[in-house]
Amino acid sequence: MKQFLAFVRKEFAHVIRDRKTLLILFGMPVVQILIFGFALTNEVKNTSILIVDHAKDVASQQLITKIEASQYFEVQRSILSPHEINKAFQEGVVKVAVVFPVGFNESLKHENSASVQLLADASDPNTATTLTNYLGAIVEDFQSANNELNGTPYNISTETRMLYNPQLQGAHNFVPGVMALVLMLVCVMMTAVSIVREKETGTMEILLVSPFKPLLVIVSKAVPYLLLSLINVISILLLSVFVLDLPVKGSIILLFAESILFIITCLTMGIFISVKTSSQQVAMLISLMGMLLPTILFSGFMFPIENMPVALQIFSNVVPAKWFYIIVKSIMIKGMGFGGIWKESLILCLITLFLLVVSLKSFKIRLS
Amino acid sequence: MQPIIVNSLNKTYGNGQVTAVKDVSFTVNENELFGLIGPDGAGKTSIFRILTTLLLADSGTAKVAGFDVVTGYREIRQRVGYMPGRFSLYPDLTIEENLAFFATIFDTSIEENYHLIRDIYIQIEPFKKRRAGKLSGGMKQKLALCCALIHKPEVLFLDEPTTGVDPVSRKEFWEMLGRLKSGGITILVSTPYMDEASLCDRIALMQSGSIMTIDTPEALTGSYPDPLFAISTEKASMPSILNALAQFEKTKSHYAFGEFAHASFTDKNLSADDIIGYLDSRGITNSRINLIKPTIEDRFIQLATQK
Amino acid sequence: MTPVITTNRLTKRFGDFVATDSLTFSVNQGEIFGFLGANGAGKTTAMRMLCGLSLPSSGDATIAGFDVYKQTEDIKKNIGYMSQKFSLYEDLTVLENIRFFGGIYGLNNRQIREKCDALINRLGMEDETGKLVASLPLGWKQKLSFSVAVLHDPKIVFLDEPTGGVDPVTRRQFWDLIYEAAARGVTIFVTTHYMDEAEYCNRISIMVDGKIEALDTPGNLKRQFRSESMDDVFYQLARKARRGD
């Protein structure tokens, strides 16, 4: 035990003294969250919206106030002709416009249905879709509020695409993804590289020629990275709660337990790579190409798995990040308990067990 | 009991393409300082790795501290100290941390066995807070030796401990080995420097994977088959002396050796005057010639070229 | 005798640390100059400046007639360099290595072919031309690598511990190559840890803590220090060293 602790202490010294790597380790999740959260997201904020209110009645005013209240739009009122609206779009002054017809309130009250026209600049289709979705949601929200007040149901049905994302926040999709990515990077790559480095520098030779069990070398290598990864999990969660306003709906303890499970999966993967390689470059390449790329491609966080060819869909099942992504999404966003994710957890356990057995089988007590 | 017994070891790499060790057998006695002497590629490191249980031999057997290197590797790993050829400590840990780490790994502490390393450690102790990566070659060597010694090994394996170390540090290092041996540790050491061989109790001269001969340094140099002459002159350059010797029909071997040319002759009765006479006839005047006691290097050259 | 290397108070500082301190010496054409010193004495730093790889902090030096501050590119064209660590590309064949380095030094195809044949002939490596360098014994690699370093007929060759770990027989063959090159007028600037090799040099300098503490022929140095061997001269000087590398 004393030996084990000495080893872990040494491992921490390696990590802490390598300032550059340390910076990357702890800076990476922050940077990734911020990049995904603010730069790469297709979420839109403070977009200029043109309101063309031909109705000028109670209902239109209420709806406009509601649009104004949302953080996504900055309202510019106008009573322009259709020709001038076109011009505003062409000049790029606005990306989206809402046109209220004359007698908007009347139609609502008497016919139980009315229409607003949404115009969007579709030269940027993604933004256009997002904006019209947002507007649609606001309109729908407005309807249901009125329905409760009036008791007379409106005859408008809107297809809701953001079932678990009522606030329309883009962060939901990428926070679990970034978590999977960061843990993968830290655990797989760092563990693999740090073990292989001992092979490269020759210290592994001395360690092998010592009573210290070779297996313990590897376990004690994994401990610091387990702790470092937990710190990363915490920092990602803090960022997502306080910077991105995304609360954790489900149990935090369950989330941590599942994170630890996934970290262990990644560590065994790192150990597996280190057992099979003998140079830091190769270990790094395999970690990046063999582990990180599939994580990005097949976890479902960037590209929907449903749209992939069947063969790739089947392949995605052996990518641990896919299961972790589902688990985190379920806990954080849907607020599910263990009952809803036990299957995914079991699959992760099995993958871990498999990797562990294979690495142990191929672990060498000698050189080459 | 002999701490190291090696019996007909063979080792090849790359599916038998490269022969690293060829039918090597030797034994090392208790408290002996035994040297494997040979150039890079002679197979020294492979032998070290087989004996420290890091490599499996293709054939042959070996015992270290009474245990077989294949079946008894756990026991051997508890009982030996090993210093690999390249610097193998953690460059980002300090001297003290490296030593403490290896002490703990071997289930001991610096305090417990301080007496073993005191002589060596005292020289680097003033820098104990310095990271190992920032040490000079000589200091790294001393630290590595301390780390290999801290658990009081029965057998110490030192693979080329002085390669790349300057002559002053080399000398100090060998003085330390002498003291260790008198402290009761069996030491197997390898080196490409022939001049260090004379500091061992017994040596094996190695070339291309096999041992050419094993004996004490004195016996090895004493059994040089011919009278060996050292020739020097201030008038002529070394190449011209060597050139003249090459053309002498009685020359058996000739080569530069520091400021002298060393030469042996097929005619054992040839006297120094005969040789001076010949050199004079070749225009190399004022040459001095002495019958000398051969060195290990002379013997190595003789053995390596006799085939 | 024409000097091909002259230095005047050549100094290199790294912050407060004076790696080489006021080196003043000259090396003549065709001379074999031994550059000795303990680890950390400043040999490598000095060599780098002389090769035009690093700029001096102060002092002057001319190499093959070119200034180390302004004409580093000209210097590189006129020198050859070989070290124990970097010799040749292990995963290329003997022939490929020679062709590659010939190309690097700006030889045309005809020159490369001629030099190549001559070199292989001199080393007696006719049967090895197609073999990977990795498969050659160390001694051959070093001989080959020296021959490649002088392929472009440089005025000066810098050799950084060229014979480390090489067996005594091959070491002497290596020195034969050095003598041949010197006889052709190439200046040899060599560092070594083998003291017997110091004896093969025309003159040697011994550096201690960044300064040249002794510079003369091996014979004169031994007389000056009342020593039997160069080993002892070196030991007397280097023992005083205060710093390591």
Side-chain angles (χ1 to χ4, degrees), chain A residues 1-25 190 193-221 223-225 228 275 278-280 362-368, chain B residues 11 13-14 20 45-46 48-57 64 69-70 73-94 96-110 131-133 144 147-148 150-151 153 155-157 159-160:
Chain A
M1 196 58 202
K2 206 173 76 192
Q3 290 158 293
F4 181 70
L5 287 180
F7 210 110
V8 172
R9 209 177 313 127
K10 171 194 86 98
E11 245 10 85
F12 269 110
H14 287 323
V15 175
I16 287 163
R17 286 177 192 179
D18 189 355
R19 289 289 150 85
K20 277 181 206 146
T21 311
L22 200 64
L23 190 72
I24 294 172
L25 277 187
M190 294 297 160
V193 165
S194 84
I195 296 177
V196 173
R197 184 164 48 215
E198 301 237 8
K199 287 192 195 176
E200 259 186 17
T201 56
T203 40
M204 193 57 114
E205 272 178 66
I206 303 192
L207 292 178
L208 284 177
V209 187
S210 80
F212 197 52
K213 297 231 165 25
L215 201 60
L216 270 185
V217 174
I218 280 179
V219 176
S220 36
K221 280 263 166 199
V223 171
Y225 293 104
L228 287 177
V275 168
S278 53
S279 86
Q280 290 188 57
S362 42
F363 183 77
K364 299 185 194 87
I365 52 159
R366 297 188 163 84
L367 296 172
S368 67
Chain B
K11 177 74 191 174
Y13 295 107
T45 298
S46 296
F48 270 83
R49 288 186 169 164
I50 292 170
L51 293 181
T52 50
T53 74
L54 286 171
L55 263 188
L56 292 177
V64 172
V69 288
V70 181
Y73 75 93
R74 278 173 213 279
E75 286 79 7
I76 292 176
R77 288 178 185 191
Q78 311 237 7
R79 288 170 171 79
V80 302
Y82 174 42
M83 190 171 145
R86 51 194 170 157
F87 176 69
S88 316
L89 299 172
Y90 298 101
D92 52 347
L93 298 187
T94 64
E96 203 177 19
E97 286 167 333
N98 265 298
L99 190 57
F101 173 68
F102 283 104
T104 320
I105 290 297
F106 280 94
D107 208 12
T108 177
S109 64
I110 300 181
R131 291 193 189 171
C147 290
I150 190 66
H151 60 289
V155 188
L156 188 58
F157 291 93
D159 191 8
E160 299 208 5

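Because the structure is a prediction, the values reported are computed rather than measured. Quick note on labels: first sequence line is chain A, next is B, and so on, each numbered from 1.
- Neither the backbone nor the side chain of R79(B) comes within contact range of chain A; no heavy atom of the residue lies under 4.5 Å from a heavy atom of that chain.
- The side-chain heavy atoms of F101(B) and T203(A), taken from C-beta on, include no pair separated by under 4.5 Å.
- For the residue pair V209(A) and F106(B), the shortest heavy atom distance occurs at O-CZ, 3.4 Å.
- Listed by sequence position, A6(A), F7(A), K10(A), A13(A) are the residues of residues 4-13 of chain A in contact with chain B, using a 4.5 angstrom heavy-atom cutoff.
- Here Y90(B) is the residue among Y90(B), F157(B), Y82(B) with the most heavy-atom pairs under 4.5 Å with chain A.
- Using a 4.5 Å cut-off between heavy atoms, I76(B) makes no contact with chain A at all.
- Most heavy-atom pairs under 4.5 Å with chain B: of the set R197(A), H14(A), K2(A), M204(A), this distinction falls to H14(A).
- For chain A, the option among E75(B), M83(B), H151(B), E97(B) with the highest count of heavy-atom pairs below 4.5 Å is E97(B).
- Only one option out of I206(A), T201(A), L207(A) pairs with S88(B) in a side-chain contact (heavy atoms from CB on, under 4.5 Å); it is I206(A).
- For F102(B), the part sitting under 4.5 Å from any heavy atom of chain A is the side chain, from C-beta outward, and nothing else.
- Using a 4.5 Å cut-off between heavy atoms, Q78(B) touches chain A through backbone and side chain atoms alike.
- Smallest separation of non-hydrogen atoms from P84(B) and G202(A): CG-O, 4.3 Å.
- The backbone N or O of P211(A) sits nowhere less than 3.5 Å from a side-chain atom of R74(B) that would complete a donor-acceptor pair.
- Taking every heavy atom of both residues into account, D107(B) and Q3(A) meet most closely at N-NE2, 4.0 Å.
- In this structure, the portions of S210(A) lying under 4.5 Å from any heavy atom of chain B include both its backbone and its side chain.
- Taken to the nearest 0.5 Å, the CG atom of D92(B) stands 11.0 Å off from the CD1 atom of I16(A).
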